Structure formats: C-alpha cells, structure tokens
Undergrad: 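The structure follows.
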Amino acid sequence: MNPVSALYVPGDRPDRFDKAAASGADVVILDLEDAVADAAKAAALDHVTAWLAARTGGPEVQVRVNVGADHEIRAVRATGAHVGLRIPKVEAPEDLGVIASLAQGLPLTALVESARGLQNAGPIAAHPAVAALALGEADLASDLGSTAEAVLDHARIRLLVAARAAGLPAPMLSVYPRIQDLDGLRADTERGRALGLRGRTAVHPKQLPVIREVFAPDPEETAWAEAVVAALGGAADGGGGVATLPSGEMVDPAMLGRARAILAAGRP
Ligand SMILES: CC(C)(COP(=O)(O)OP(=O)(O)OC[C@H]1O[C@@H](n2cnc3c(N)ncnc32)[C@H](O)[C@@H]1OP(=O)(O)O)[C@@H](O)C(=O)NCCC(=O)NCCSC(=O)C[C@H](O)C(=O)O
Ligand SMILES: [Mg+2]
C-alpha cells in the first residue's frame, strides 16, 4: 500500500523515537529543523544518528535537515541507514545541487514553503534526486501573508500538478497544527484528498487514525475501479474501445489509468 501517514518527531526527543516508530505511521520524520531550538541542534543530530545506527527495522524513516547544514547530511549518510532526506525551504532546483551530491542516492523530499518555491515547483520536481514534493503550509502562509483556503488549495493544486508532471507521486498534505481539533483535521484532510493529494504528515500520534481513515480505500471508488477494469480489460489492452458500466456510465481507456491507480493504492 502507498504510504498515507507520516509522523514528525523532534530530533531532541529521543525518548519519543521508538514511540513514533511504533505509532503505526507509515513514515517517521526525525526533525532537526524547526522543531529543534538552535541550542539543541547538535545534541539532536547525535540522538538521531545514534538511533539510526542502532535501528534494525520498522517503518520508513526520513530526516529533516536544516537549510545549509551539510554536516547533518554527511552524519546521516555515515550511519549507513537507508533513510530519506527531507529538505526544507527549497526555492529552486539549484538549491539541491550540493545536497544531492552529499546524499549519494538517498531519496530527497523537497519541501516547498515559499512563493518562490511554488513558482519553481516544476523544475524542483524534475531534479533527478527528488523522489517527492511536500508543502510546508505554515511557512508558505507566512511568506504569502495569507491563510485563505482558496490560496492554500491553489498551492496544493500547483504542487500536485508539478509532482505528477515530473512522474512523482501525488504529494502528502502538510501538518495540521491544531492537535486537539480532530474534526477540523478530518475536514481539511478530506478537502485535500478531494483535490488529489495522497496522505498527510502529522505532528501528534492522535492525528494518525483520522488520517488513515480519510485515506482508506473508498468502497464506492473501488467498486467503480473494478467495474472499469472488468469492462475494459480486453478492449484497452487491445488498443481502445468503449464500454458502458451497469450504472450507465460510458468508460474508455482514459478512465483506465485512474481505475488501476485506485486498485493499486488499496492493495497491501
Ligand atoms: C506538539 C507536541 C510538542 C505535543 O507534545 P506533548 O504535549 O508532550 O504531547 P502529549 O502529552 O499529548 O503526548 C501524549 C503521548 O504521545 C507521545 N507523543 C506526542 N507527540 C509525539 C510525537 N510527535 N512522536 C511520538 N510520540 C509522541 C508522548 O510521548 C506521550 O506518550 P506517553 O507518555 O507514552 O503517553 C509533540 O506532539 C511534538 O513535538 N510534535 C512534533 C512537532 C514537530 O516535529 N514539529 C515540526 C514539524 S511541523 C513543521 O515544521 C511545519 C512545516 O515545516 C510547515 O512549514 O508547515
Ligand atoms: Mg516549514
């Protein structure tokens, strides 16, 4: 199944690393950036690298490094752990040159968190070291001076288009910082899902069940996808053709890609 949930844990809270790994999140993000005060950054890097070096299994892990902190990438690389690197505040593909060479093949998730980054989302996504895009909505709102839903939706859509045009997966949604407001989390996550984003990053384990529920395979969508594949199986492989579903909907190969993606996303 594609990852749909990720949990941030501050790098200076090693007491929480194992909890995060056992939380059921598909991805654990060890944060060295904004969740860690400047005075604690060196100790956080030590905690993160020690944990990575000792780790023997568990969910996918990413490390969010600081802007310009090449030594952090070197230190993570030196652990030999196969982790992803989450690169904050990427504004242009040139920002990734040195990082990509230091990363030596570790997959990069580029965080787009500014107007300039959003303008350059296409070229950033096309950088060969970039495996995924993600939006940093809090920083973006500060840069734009707007928290309007329409502005946020616009940013989400632009990021989705940039990612898909570069052949990358649909981005996950950014964090929802109001931890106690699970109804608000659900509503906002459903809005993001309807736009086409897939999955969400969390800041607290209690947010994970809501995220998982919103991104669970939708039985109606799955039934539609199965019907499309059943109706078009032979015709599409043979180069085209139309069919009519029992519901009366006309379908042709244009719908087959989406149907197959829905079925693939629900498969373990
Ligand atoms: C937000 C928090 C500081 C809240 O911490 P706290 O008040 O201590 O939480 P609780 O008392 O409710 O904790 C209950 C139990 O859950 C465990 N817990 C809590 N949070 C985590 C976590 N993130 N990972 C693992 N485990 C967690 C506690 O240990 C308790 O367990 P137990 O004692 O066994 O009952 C805190 O949740 C936190 O630090 N969250 C992560 C914050 C973070 O990383 N932020 C940075 C990413 S978001 C961002 O940067 C924005 C982005 O860049 C943008 O621009 O948009
Ligand atoms: Mg940010």
Side-chain angles (χ1 to χ4, degrees), residues 4-11 25 27 29-38 41 62-69 84-93 95-96 108-125 130 132-166 168-208 210-211 214-215:
V4 295
S5 61
L7 176 63
Y8 271 103
V9 56
V27 183
I29 306 169
L30 303 168
D31 191 21
L32 297 171
E33 202 219 10
D34 283 353
V36 179
D38 285 347
K41 288 206 191 276
Q62 296 182 1
V63 179
R64 184 167 74 165
V65 296
N66 287 281
V67 173
L85 293 173
R86 211 167 171 86
I87 312 301
K89 301 179 176 66
V90 179
E91 299 214 312
D95 294 353
L96 296 169
L108 306 184
T109 296
L111 271 166
V112 171
E113 320 192 65
S114 64
R116 184 163 174 253
L118 205 54
Q119 286 285 39
N120 287 328
I124 292 169
V130 170
L133 294 183
L135 205 56
E137 291 182 357
D139 273 301
L140 183 66
S142 298
D143 193 42
L144 296 176
S146 173
T147 54
E149 277 192 358
V151 172
L152 203 54
D153 284 353
H154 172 82
R156 289 173 173 182
I157 292 166
R158 283 185 72 160
L159 209 71
L160 171 66
V161 172
R164 295 300 298 131
L168 302 180
M172 281 193 185
L173 289 157
S174 182
V175 301
Y176 188 83
R178 293 178 287 284
I179 293 164
Q180 306 307 335
D181 183 8
L182 295 180
D183 290 340
L185 169 68
R186 184 180 298 276
D188 187 69
T189 308
E190 282 172 349
R191 217 177 75 244
R193 186 188 201 271
L195 290 178
L197 284 91
R198 286 292 168 263
R200 177 150 221 162
T201 46
V203 284
H204 193 285
K206 73 198 283 185
Q207 296 181 317
L208 294 170
V210 174
I211 293 169
V214 173
F215 285 103

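The structure displayed is predicted, hence computed values, not measured ones.
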Undergrad: What distance separates Leu159 CG from Leu195 CG, expressed to the nearest 0.5 Å?
TA: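 Reported to 0.5 Å precision, the distance equals 11.5 Å.
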Undergrad: Residues in side-chain hydrogen bond (donor to acceptor under 3.5 Å, both in side chains) with Ser5, at least two apart?
TA: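 So Ser5 forms a side-chain hydrogen bond (donor to acceptor under 3.5 Å, both in side chains) with Asp26.
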Undergrad: Would you mind listing every salt bridge (charged side-chain N to carboxylate O under 4.0 Å, His left out) that reaches into residues 198-208, with sequence neighbours excluded?
TA: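 Every pair satisfying salt bridge (charged side-chain N to carboxylate O under 4.0 Å, His left out) with a residue in residues 198-208: Asp188-Arg200.
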Undergrad: Determine, step by step, whether Glu190 and Phe215 satisfy the side chain to side chain contact (heavy atoms under 4.5 Å, CB included) criterion, reporting the C-alpha distance in whole Å, the side-chain angles of both residues, the deciding distance to 0.1 Å, and the verdict.
TA: CA-CA 8 Å; Glu190 282 172 349; Phe215 285 103; over 6 Å; no
Undergrad: Report yes if the side chains of Leu173 and Thr201 come closer than 4.5 Å at any heavy-atom pair, otherwise no.
TA: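 Of all side-chain heavy-atom pairs linking Thr201 with Leu173, none is under 4.5 Å.
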Undergrad: So how far is it from Ile124 CD1 to Asp95 CG, rounded to the nearest 0.5 Å?
TA: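 So the gap between those two atoms works out to 7.0 Å.
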Undergrad: For residues Ala170 and Gly196, report the shortest heavy-atom separation together with the two atoms involved.
TA: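 Shortest heavy-atom separation between Ala170 and Gly196 comes out as CB-O, 3.5 Å.
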Undergrad: Quick one: side-chain hydrogen bond (donor to acceptor under 3.5 Å, both in side chains) partners of Glu137, sequence neighbours excluded?
TA: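 Glu137 satisfies side-chain hydrogen bond (donor to acceptor under 3.5 Å, both in side chains) with Arg156 once adjacent residues are dropped.
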Undergrad: Looking at side-chain heavy atoms only, is the closest gap between Ile29 and Val9 below 4.5 Å?
TA: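 Ile29 does not reach Val9 side chain to side chain.
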Undergrad: Heavy-atom distance under 4.5 Å between the side chains of Val151 and His154, does that happen here?
TA: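 Result no, sub-4.5 Å side-chain heavy-atom pair not found.
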Undergrad: Can you see which heavy atom on Ala125 is nearest to which on Ala162, and at what distance?
TA: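 Taking Ala125 first and Ala162 second, the nearest heavy atoms are CB-O, 3.6 Å.
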Undergrad: Could you check if a side-chain atom of Leu111 sits within less than 4.5 angstrom of a side-chain atom of Arg64, using non-hydrogen atoms only?
TA: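 Yes, side chains in contact.
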Undergrad: Could you check Leu135 against Glu113 for side chain to side chain contact (heavy atoms under 4.5 Å, CB included), going step by step and ending with a plain yes or no?
TA: CA-CA 6 Å; Leu135 205 56; Glu113 320 192 65; over 6 Å; no
Undergrad: Would you say Asn120's side chain and Glu91's backbone share a donor-acceptor pair under 3.5 angstrom?
TA: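 The answer is yes, because a donor-acceptor pair under 3.5 Å joins these two groups.
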Undergrad: Return the set of residues passing side-chain hydrogen bond (donor to acceptor under 3.5 Å, both in side chains) with Asp143 (not counting sequence neighbours), or none when no residue passes.
TA: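 Result, side-chain hydrogen bond (donor to acceptor under 3.5 Å, both in side chains) vs Asp143: none returned.
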Undergrad: Is there a side chain to side chain contact (heavy atoms under 4.5 Å, CB included) between Met172 and Leu197 once you walk through the steps?
TA: CA-CA 6 Å; Met172 281 193 185; Leu197 284 91; over 6 Å; no
Undergrad: Using side-chain hydrogen bond (donor to acceptor under 3.5 Å, both in side chains) as the criterion, list what pairs up with Lys89, not counting sequence neighbours.
TA: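 Lys89 satisfies side-chain hydrogen bond (donor to acceptor under 3.5 Å, both in side chains) with Glu33, Asp34, Asp139 once adjacent residues are dropped.
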Undergrad: Should Val65 and Ile87 count as side-chain neighbours, where that means a heavy-atom distance under 4.5 Å?
TA: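 Yes, their side chains come closer than 4.5 Å.
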Undergrad: For Arg186, what residues pass the salt bridge (charged side-chain N to carboxylate O under 4.0 Å, His left out) criterion, not counting sequence neighbours?
TA: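 Expected list: Glu213.
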Undergrad: Do you know the tightest heavy-atom contact between Asn66 and Leu32?
TA: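 Closest approach of Asn66 to Leu32: ND2-O, 2.7 Å.
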Undergrad: Please name all residues satisfying side chain to side chain contact (heavy atoms under 4.5 Å, CB included) with Ala132, sequence neighbours left out, ordered by chain then number.
TA: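 Applying side chain to side chain contact (heavy atoms under 4.5 Å, CB included) to Ala132 gives Thr109.
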Undergrad: What residues form a side chain to side chain contact (heavy atoms under 4.5 Å, CB included) with Val203, not counting sequence neighbours?
TA: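 Expected list: Val175, Ile179, Gln207.
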Undergrad: Checking Ala141 now: which residues fulfil side chain to side chain contact (heavy atoms under 4.5 Å, CB included) with it, not counting sequence neighbours?
TA: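 Counting only residues at least two positions away or on another chain, Ala141 forms a side chain to side chain contact (heavy atoms under 4.5 Å, CB included) with Thr147.
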Undergrad: What are the two closest heavy atoms between Ala115 and Leu144, and how far apart are they?
TA: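 Result for this residue pair: CB-CD2, 3.8 Å.
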Undergrad: Could you report the tightest heavy-atom contact between Ala92 and Arg116, atom names first, then the distance?
TA: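 Reported closest heavy-atom pair: CB-NH2, 3.8 Å.
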Undergrad: Considering residues at least two apart in sequence or located in another chain, which fulfil the side chain to side chain contact (heavy atoms under 4.5 Å, CB included) criterion with Arg178?
TA: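 For Arg178, the residues satisfying side chain to side chain contact (heavy atoms under 4.5 Å, CB included) (neighbours in sequence not counted) are Tyr176, Asp181.
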Undergrad: Is any side-chain heavy atom of Leu7 closer than 4.5 Å to one of Pro205?
TA: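 In short, these two side chains touch, coming nearer than 4.5 Å.
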Undergrad: Which heavy-atom pair separates Val112 from Gly117 by the least distance, and what is that distance?
TA: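 Between these two residues, the closest heavy atoms are CG1-C, 3.5 Å.
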